Amino acid sequence: MKFSVMVNEGPYTHQASDTAYQFTRAALAAGHEVFRVFFYHDGVNNGTRMTTPPQDDRNIVDRWSELASEHELDLVVCVAAAQRRGIVDADEAKRNGKDGDNIAPGFRISGLGQLIEAGIQSDRLLVFGD
Amino acid sequence: MSETKKFMYINRHAPHGTVYAHEGLEVVLIGAAFEQDVCMAFIGDGVFQLKQDQDTSEAGMKNFSPAYRALGDYEVNKLYVERESLQERGLSEADLMPLTWEDEDDDWAEKPSIRVVSRAEMSDLLEEQDVILNF
Amino acid sequence: MLHTVNKSPFESSSLRTCLALARAGSDILLIEDGVYGGLAGSAHSTMVEDALKSMKVYALGPDLKARGLAEDRLIPGVQVVGYDGFVDLASANDKVQSWL
């Protein structure tokens, strides 16, 4: 079965990103395909590599990056939501005249059409948020 | 993409207090380009999104409510509002923005986009969908 | 259809709204703070007990454990599943509605 997942809250404040991660991992472990994970609203904050949680806490951003590299997961951060919240990749930084970028490995910035496409292409779309 | 799916965007948040209504509307407007069978549902505090006369000038926030009027032009013309949610909040259909769309198949007649439905009807509508997104 | 609820019924109307709109035969999965809705002997237990007459109600085990809730605190009939069970429920139902 082909799943897609939408994450609408940032890391640490709300459990949504944790639950989405555990669900995605379990789906992959069960042999399902995960077509895309789409980050929207404050969920785009899951995509910054500047996160530095204390040693004894989980690293939510790294966890997503590692899952992406292990399973060639498509982690997409919504460009409009990302621009509002200061999540930028090198292209976006250049385009908007910013002095640096902060996108984490395995994440890419793209448009809302990627979410609609995920809804069309996948058998199930699950939303995690507040 | 030849496949057409039934998409429902469920709105359960009031506007302005949180960003969900505003960014949710952006998804609906972008999604309209994909030519799917789209509808919106307004349940609970989501019905406040359609309240007339929203003016954010003194609050210093962006007033995105005029964008609901554009939905008809994007062929998003099925806005289901739960009657019980309106009643619980002391609202009636007259409190809502008069949203319309032009029916190409009926000599461009202007028709209302808002359809007030009962909870039971809303329950049936949920079951009919292929994809449900929540804002 | 699978419905998920992630809010405590003591704080939010999400569970009430979900149960009002879910049809007989639906699967309801309580996750995150939603698991508090599965507690027996609470002010909101009756709502879930009524739902159990026509629907299946599940609670996510890892979220119960995280909150110090043993299975014997749940309303009889509420079944506990793990993340693998969550995936199975999402596969078995034709769609998923998250009552955020």
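Throughout, protein chains are lettered first and strands after them, A, B, ... in sequence-line order, and every chain is numbered starting at 1. Computed from a predicted model, the values in this text were never measured in an experiment.
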Examine distances only and state if a side-chain atom of A:Y40 and a backbone atom of B:E23 form a donor-acceptor pair shorter than 3.5 Å. yes

How long is the gap from [atom1] on [X] to [atom2] on [Y], to the nearest 0.5 Å?
{"X": "B:Y20", "Y": "A:D42", "atom1": "OH", "atom2": "CG", "answer": "6.5 Å"}
{"X": "B:F7", "Y": "A:I120", "atom1": "CZ", "atom2": "CD1", "answer": "4.5 Å"}
{"X": "B:L133", "Y": "A:L115", "atom1": "CG", "atom2": "CG", "answer": "5.5 Å"}

For atom [atom1] of [X], decide whether the heavy atoms of other residues, nucleotides or ligands shown that lie under 6.0 angstrom number more than 12.
{"X": "A:E72", "atom1": "CD", "value": "no"}
{"X": "A:R85", "atom1": "CZ", "value": "yes"}
{"X": "A:E70", "atom1": "CD", "value": "yes"}
{"X": "B:K111", "atom1": "NZ", "value": "yes"}
{"X": "B:F64", "atom1": "CZ", "value": "yes"}
{"X": "B:E128", "atom1": "CD", "value": "yes"}

For the pair B:E26 and A:R84, find out whether any cationic side-chain nitrogen is under 4.0 Å from an anionic carboxylate oxygen. yes

Checking an interface table here. Which of residues 122-130 of chain A come within a heavy-atom distance under 4.5 Å of chain B?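 The stretch touches chain B at A:S122, A:L125, A:V127, A:D130.
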
I'd like to verify something: which residue of B:V19, B:T18, B:V27, B:V131 has the highest number of heavy-atom pairs under 4.5 Å with chain A?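 Most heavy-atom pairs within the cutoff with chain A belong to B:V27.
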
